[in-house]
Trainee: 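Okay, here's the structure, questions in a sec.
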Amino acid sequence: MDPGHPAAGDPAGGDPAAGDPAGGDPAAGDPAGGQDMLVLLQTLQTPWSTRALQQLEEEAWRGFAALDDPRAGLLDLLGSVRGWRWKGSSLETWVTCELERWLQTQPPPGPAQGSPGLKQLQARVLGVLAECPPSLVEPLVSIFQLRDADRSHLLAHVHGLHQEGRFKEAVTLGTRLRLQPELDLEKMSAPLLLQDKVNLVERYVDGFPDLQRRLLALMDSWCQPGLDISVVARRYPQVTSLRLEKLSPRVLSRQVLRLLERYGLDPASCPHAVSQRHLAALRHLCYKRFVEGSMSQESWADHVRGLVGPSPWLQEQLLASQADVAMAARCAQDLSLPEDQLPASVATELRRLRLQERTAEVPSKDTRGQCYQLPIAREDVRFLATWQDLARHEEELLQPGQVVGMDLEWRPSFCPGGRPQASLMQVAVEGRVFLLDLPALSRPAGGRTSQAFSRLVSRLLSDPSITKLGYGMAGDLKSLGASCPALAQAQKQLQGGLDLLWVHRQIRADMPALRVDGAQGTRGLSLLVQQVLGKPLDKTQQLSNWDRRPLREEQLLYAAADAYCLLEVYWALCREPARFQLSGDLARSPRLGHSKRSGAPEPPGPQEASAPPQQVPEVPARAFRVVCDRMLQGLARSLRCLGVDALALGPGEGPRQAAEVARQEGRVILTSGQPYHQLQAQVGAGRCFRVDRSLKAQQQAKAVLRHFNVRVAHADIFSRCQVWLEFLGSEQTSGWLGTWELTPPAACPQASASNPLEAQRDPPPGEACNCDQYLKVPKDLMKQLVWLSGRWEDPGSAGDEAQSEDTQEPGSAPEETPGGCTYDPPCRGLEEADLQLRAPATLSNGTQLQLAGIPTGVLRRPGLQHFYCCVGCGKVFWEGSHLGRVAAQFREVLAAAPGSRHLQVSE
């Protein structure tokens, strides 16, 4: 017995028979007289409110001793006080935990273990356990001796909850009583999966490897081709709030792959989910190869063969995903697929292509002159694979005071798991590039070659006199440490590093990204090279198989150019910092790992992302590029309304994908989650901003714009299309957060190089169209297009004479802003060559105009002269009240600009 607390029979406990004046009148709230836990609770209110802890404990223990059965009294207390379960620190919670301590000091009063009375109490407490906070589970289990209770009785209670349709409560109780091995996994977890409560199921199997394997097998079985998830749902008629849209094979496979990585299980145990992942990767690769044209045939075929393997289903899906038979035939030709395995139409087209190639040799267009070219001779690109190679060039690599460019390459991975190991390290010095073969130089760990390599790289990184250039250096050094254990501290060893990604952030990117042979607009390092040196990098070898040896000549030249361009960019920026809106000498820019030198002023360190940087250059809204995490979808939409190029992560995508796309596309990460410091370490200071989730989306947008000094003009509002498109998320090393379906053409226009409507930007990898190009359509022409679509009887009958019948939509009446100017975005007018001669109205790039969303009354509205159609998705806009509302909401962050009328979007 604890000598510091009163117990039963102790005169200090207030026994009336002992003549203690404390005992007495029950009406005065004496717990001994009333023998009621509720009366005890009233007695404890005063010391609880004054935080007199010693008095509180003494009163509580005295009251427990006076009760006939404190356990029954506790149940009465918990059942009578509403809302106690959700209080973080309440008197009821304290009493429960204190009663557990008191019972541990003496035999518990009341019914004994195994008696009918205790079984009744245990049955009552089970209902409390299903809903109580986690902090009370262990105390209640201990107080009511549930660990020694009849498990069949506990299991029967869990089954009863399940039969009543209380699936969440059944799983929660089973988890807290550790009954999982004795319960049916599929029966318990399937209803929660159908309600998109995966987090509850994850907690249910936590700590049980066999249950984790069985859960993944169940989820993987739902990913198999042709499975109708509604058939599964019909087995559980009591599940009313179904979330079947969250259980498509594409979405569910991402959940399975995430759990595979978390549990460390073999991906081969989930073949259907892996196939869905491969299918998403195939669509992405086909887009890169046949639409962008930014991937070589050799690299494409190598990756596709590895993904398809022996799977007939994947091969069928690969061909079916192509936009037309001709593209499917090109795909089969590149993969050398046998004709007898192809659909008849594809096989016929393939034979035609082969015959055409034999009869006429079509010269391929050479685009090398449009891209950055390596300015040094081929013999100055050295491939180092042995310790003798390192020793021969060590002096040249470690020359004090020089500037070097550093980069890494690794084979893209389309399978679950972390980032693959790096395959090649490029180090560029003036006039020469060294390509270090990492597999040969880093293995076996501890060998002579490995030691020589790690020693050389450590000396290079730690020498503060050598300026190390990179683009996204934090991520590259992290990959280097993961590939070479001896260099695990590479990030900490770095001294004198300059990340050009930070410098790129300061450059006022007011020049448009050029396009090369119909390919996508440049981004990331390629965009920086284009802005500074005039030509982008050729990225067709980026997704090569960098593990293959020997490397192809094209790969060697690409790798060398990727590192040497850093030197040329640095020299150009140092020569003319003012030309690129840099505040001063590039040598004074924030550096990674810059050492302190005595007697010299210390250069400014990297800015903390949570505090506004000093003297940040003004950035135009249309040049500002961000990627938002999954919890900031509203912020992404608000920024996009103001002309910002904003991507948003999709379901199942997290910090790794955000960091990847930020590094590759030169975007700023906006996050509201916990991994802020992890993200900042990967992308660098100033490239990651933590958003306050307690703010509304508009307030968040204003905070972001002020922090990065983004200039928003009236013309920027709605300069990007807000229409949502289907999101096809896929974790790719290229940094894409998702891809468009390749069919139908209206969802993904595939413009030829000669097409005047060819969009000057990437197809949006986020959830919105995000296109920033429109065509201006006169009202008379729009009337004719609507009439041709069959929605209007006679375009001539709806002329401006019907002014009295102005049927404006509610809330769309024009509201003049100061200045009274008409909204006039910078776009050209629709010409005859821009339309295909067919109905429905279709642009020459294949985008169908969405005329069904235009109310007839808008076409009769007086004063309305023009409509604006999005080149990317075909949505039609006109002057209305939307722009005025946005301008009013963001008035304090808008740059001074003439007033304008307001833009309305077709619903």
Trainee: Do R630 side-chain atoms and G654 backbone N/O form a donor-acceptor pair below 3.5 Å?
Mentor: no
Trainee: Compare all side-chain heavy atoms of F718 with those of F877 and state whether any distance is below 4.5 angstrom.
Mentor: no
Trainee: To the nearest 0.5 angstrom, please state how far the CZ atom of R720 sits from the SG atom of C870.
Mentor: 11.0 Å
Trainee: If you take all heavy atoms of L632 and L670, which pair is closest and at what distance?
Mentor: CD1-O, 3.4 Å
Trainee: Just so I know, are the side chains of V626 and L647 near enough to count as touching, which here means a heavy-atom distance under 4.5 Å?
Mentor: no
Trainee: Search all heavy atoms of A273 against all heavy atoms of V256 and return the closest pair with its distance.
Mentor: CB-CG1, 3.6 Å
Trainee: Are the side chain of R277 and the backbone of L257 linked by a donor-acceptor contact shorter than 3.5 Å?
Mentor: no
Trainee: Working to the nearest 0.5 Å, report the span between CD of Q426 and CG of D407.
Mentor: 4.5 Å
Trainee: Does Q700 use its side chain to pair, donor to acceptor, with the backbone of D692 at less than 3.5 Å?
Mentor: yes
Trainee: Passes salt bridge (Lys or Arg N to Asp or Glu O under 4.0 Å), D645 versus R667? Steps please.
Mentor: CA-CA 9 Å; D645 186 352; R667 294 181 181 272; 3.3 Å; yes
Trainee: Measuring from atom CE of M631 to atom CD of Q633, what distance do you get when rounded to the nearest 0.5 angstrom?
Mentor: 9.5 Å
Trainee: Roughly how far, to the nearest 0.5 Å, is the CG atom of L635 from the CZ atom of R693?
Mentor: 12.5 Å
Trainee: Are side-chain heavy atoms of R262 and E202 found at a separation under 4.5 Å?
Mentor: yes
Trainee: Show your working on salt bridge (Lys or Arg N to Asp or Glu O under 4.0 Å) between D562 and K539 and close with a plain yes or no.
Mentor: CA-CA 9 Å; D562 233 17; K539 307 298 285 186; 3.6 Å; yes
Trainee: If we only count heavy atoms from C-beta on, is the K168 to L200 side-chain gap below 4.5 Å?
Mentor: yes
Trainee: List the atom of R640, the atom of A646, and the distance in Å for their closest heavy-atom pair.
Mentor: NH2-O, 2.7 Å
Trainee: Do L639 and V710 have side chains that approach each other closer than 4.5 Å (heavy atoms only, starting at C-beta)?
Mentor: no
Trainee: I need the L408 CG to D476 CG distance, nearest 0.5 Å.
Mentor: 4.5 Å
Trainee: So which atom in V529 and which in C565 form the shortest heavy-atom distance, rounded to 0.1 Å?
Mentor: CG2-SG, 3.8 Å
Trainee: Any idea which heavy atoms bring V201 and S189 closest together, and the distance?
Mentor: CG1-CB, 3.6 Å
Trainee: How close do M219 and L252 get, counting heavy atoms only, and between which atoms?
Mentor: O-CD2, 3.5 Å
Trainee: Is any side-chain heavy atom of V661 closer than 4.5 Å to a side-chain heavy atom of I669?
Mentor: no
Trainee: Kindly say whether C721 contributes a backbone atom to a donor-acceptor pair with the side chain of Y774 at under 3.5 angstrom?
Mentor: yes
Trainee: Using a 4.5 Å cut-off on heavy atoms from C-beta on, say whether the side chain of V198 contacts that of L193.
Mentor: yes
Trainee: What's the spacing between L477 CG and K468 NZ if we round to 0.5 Å?
Mentor: 10.5 Å
Trainee: Quick one: sort the F689 and F708 rings into parallel, tilted or perpendicular, breaks at 30° and 60°.
Mentor: perpendicular
Trainee: With side-chain contact (heavy atoms from CB on, under 4.5 Å) as the test, pick out the partner of F624 among D716, V668, V712, N709.
Mentor: V668
Trainee: So do the side chains of L527 and H504 get within less than 4.5 Å of each other, counting heavy atoms only?
Mentor: yes
